[in-house]
Amino acid sequence: MTLSREQKYRKLDQATPEELEQLREQVAHCPWRQSFHIQPPYGLLNDPNGFAFYDGEYHLFYQWFPLGTFHGMKYWYHTKSKDLARWENIGIGIEPGDPQDSHGAYSGSGIVKDGELYLMYTGNTRNEAWVRLPYQNLAVMSRDGSIAKRSKPVITAVPDGYTEHFRDPKVWRADGKYYCVIGAQRTNGTGCAVLYQSQDLLTWSFLGEISTQLNDFGYMWECPDYFELDQQGVLLFCPQGLSPKGDSFQNVYQSGYVVGKPLDVRTGRLDHEPFRELDRGFDFYAPQTTAAPDGRRILVAWMGLPDIGYPTDRHGWAHCLTLPRELKLRDGKIIQRPVKELEKLRKDEVTAQAVLRSETKSFTGLQGTNYELVCEFSEADAERFGIEFRAGSTERTALTYDRNAKKIILDRSLSGQTIESEYGSERRCSLDAETIKFQLFVDASSVEIFVNDGEEVFTSRIFPSEDSTQIRFFAHGGSAACRASLWRI
Ligand code: FRU
């Protein structure tokens with residue numbers, strides 16, 4: 001589909017009330033609307049933005065193009081929550097279309113200063129010759145919830161040595177100063193992250209590049225995020241242009257991190273361990289973190305990827321955000337767990353246990369389309385064991401532990417409506433453990449699987465029919481003991 005510039009850069013107020021009504025109707029009839037994930041009212045959602053705890057609540061915005069399921073004129077849509085479990089839709093947070101963000105209010109972050117929430121974001125602009133000029137802008141939210149954009153960008157020019165692909169400022173405060181990382185592309189066509197410093201969030205000075213050992217690692221790094229955990233420095237970013245390698249880098253674009261000594265802001269140096277992916281599933285990109293008031297580091301990501309069509313497109317909407325996860329470091333690796341507040345969503349526990357002997361079994365009451373499921377397999381001599389969920393007569397999503405290969409395998413080839421199969425229908429990762437615990441959050445069209453308390457995570461959209469509700473537990477080529485608990489959400 002080729003889109004005209006007029007279609008891509010349409011603003012919400014150019015739509016007639018009838019068009020919007022029709023969009024809402026279309027969305028309302030979609031069988032894959034989520035029940036406990038942040039999703040757009042209509043149109044396309046992408047990156048989480050401006051995630052911050054401010055004035056007693058978590059504020060979380062997302063990239064939103066209302067008038068289509070392609071990447072058009074981006075708004076910031078505003079949601080908030082008191083507990084990270086239940087979210088309230090507020091409405092438009094940042095509206096694009098002024099000279100500093102004429103072609104979209106792109107991604108950015110939030111930080112609290114002097115009782116207000118400062119939102120720093122990239123203003124995407126194009127000049128008459130259609131050359132992209134990225135500005136870094138500010139918008140400030142006051143206690144009454146109103147958001148005022150500053151008309152003058154705070155960073156107006158891309159420094160020498162970098163291209164127009166220069167965006168997604170993530171701000172933090174350290175030693176009484178503010179810093180931000182920005183995703184960039186060098187003029188030699190490689191990706192990196194650059195560093196700025198400010199006293200007041202208004203005037204920024206360019207400190208240079210974050211110097212990593214990844215000098216030729218993709219053609220662009222999007223959505224960088226820097227924070228410290230246990231006195232270690234962590235840089236998250238989304239490199240574009242990596243080729244698949246073994247079980248890794250299977251998605252169109254990647255999302256991962258390096259961990260090392262804290263960033264030396266004077267030199268920009270970050271000594272680090274090798275790059276690792278954050279998630280092993282099919283649909284995960286552009287994560288952003290914030291610090292909870294109790295110091296926990298919380299991550300939310302876009303449960304989707306750029307440049308891929310999804311089955312909800314024809315229902316007038318696309319994508320959702322992941323559930324919030326708490327990050328911890330163990331031996332230089334990020335461990336991700338669903339935030340404990342999500343237990344509030346649990347209703348009506350059903351449990352079961354059995355020893356499976358080369359068989360597939362279902363249990364009464366263990367089924368559904370929206371639930372949390374925890375199941376643990378132990379004492380196994382089976383070659384393979386695991387579960388099939390959102391299963392029916394022809395559909396199923398299969399999660400397997402292959403004991404010989406010591407791999408977790410997620411197979412969505414029979415999950416329902418297919419999603420761009422060019423990138424395969426299986427994801428795998430190595431895990432060497434005797435006991436395997438799967439914690440699944442299943443919503444109408446997604447699953448997030450935490451393996452062995454966050455050792456690995458698989459995040460994926462699936463598009464089964466509404467009557468594919470079964471859960472089947474299996475062990476093949478031997479036996480395995482299995483215990484399961486399910487809560488409806
Ligand atoms: C990542 C991204 C960002 C950009 C935004 C635009 O998905 O491309 O780099 O700011 O989306 O919506």
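Indexing begins at 1, ligand by ligand and atom by atom, following the structure's order. Reckoned from all heavy atoms, side chains included, excluding hydrogens, waters and symmetry mates.
For a threshold of 3.5 Å applied to N or O pairs, the pair formed by D47 and ligand 1 contains at least one separation below that value. Residue S107 places at least one N or O, backbone or side chain, under 3.5 Å from an N or O of ligand 1. When only interatomic distances are considered, the shortest N/O to N/O separation between K74 and ligand 1 falls below 3.5 Å.
Within the structure, the closest approach of F65 to ligand 1 does not fall below 4.0 Å when heavy atoms are considered. Using a 4.0 angstrom heavy-atom cutoff, N46 counts as in contact with ligand 1.
A donor-acceptor pair shorter than 3.5 Å cannot be found between the side chains of H315 and H29.
Between K333 and E455, at least one side-chain nitrogen of the basic residue sits less than 4.0 Å from a carboxylate oxygen of the acidic one, meeting the salt-bridge criterion. Look at R266 and D264 and you find a salt bridge, because one of the NZ, NE, NH1 or NH2 atoms lies within 4.0 Å of a carboxylate O, short of that distance.
Near W302, the atoms of ligand 1 lying under 4.0 angstrom from a non-hydrogen atom of the residue are 7 (O). Which parts of ligand 1 touch Y285 is read off a 4.0 Å heavy-atom cut-off, strictly below it: atoms 1 (C), 7 (O).
A cation-pi arrangement is absent between R461 and W32, since the terminal nitrogen or guanidinium carbon is not both under 6.0 Å from the aromatic centre and inside a 45° cone about the axis. For the pair R427 and F458, the cation does not sit on the ring face, since its NZ or CZ is not both under 6.0 Å from the ring centre and inside 45° of the axis.
Counting protein heavy atoms only, atom 12 (O) of ligand 1 is closest to Q63 OE1, 2.6 Å. Among all protein heavy atoms, the one lying closest to atom 4 (C) of ligand 1 is D168 OD1, 3.5 Å. With respect to atom 8 (O) of ligand 1, the closest heavy atom belonging to the protein is E222 OE2, 2.8 Å.
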Show, in sequence, the C-alpha distance, side-chain angles and deciding distance for Q34 and S445, and conclude whether the side chain to side chain donor-acceptor pair (under 3.5 Å) test is met.
CA-CA 6 Å; Q34 300 278 57; S445 55; 3.3 Å; yes

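Side-chain contact between F61 and I94 is absent, with no heavy atoms from C-beta onward closer than 4.5 Å.
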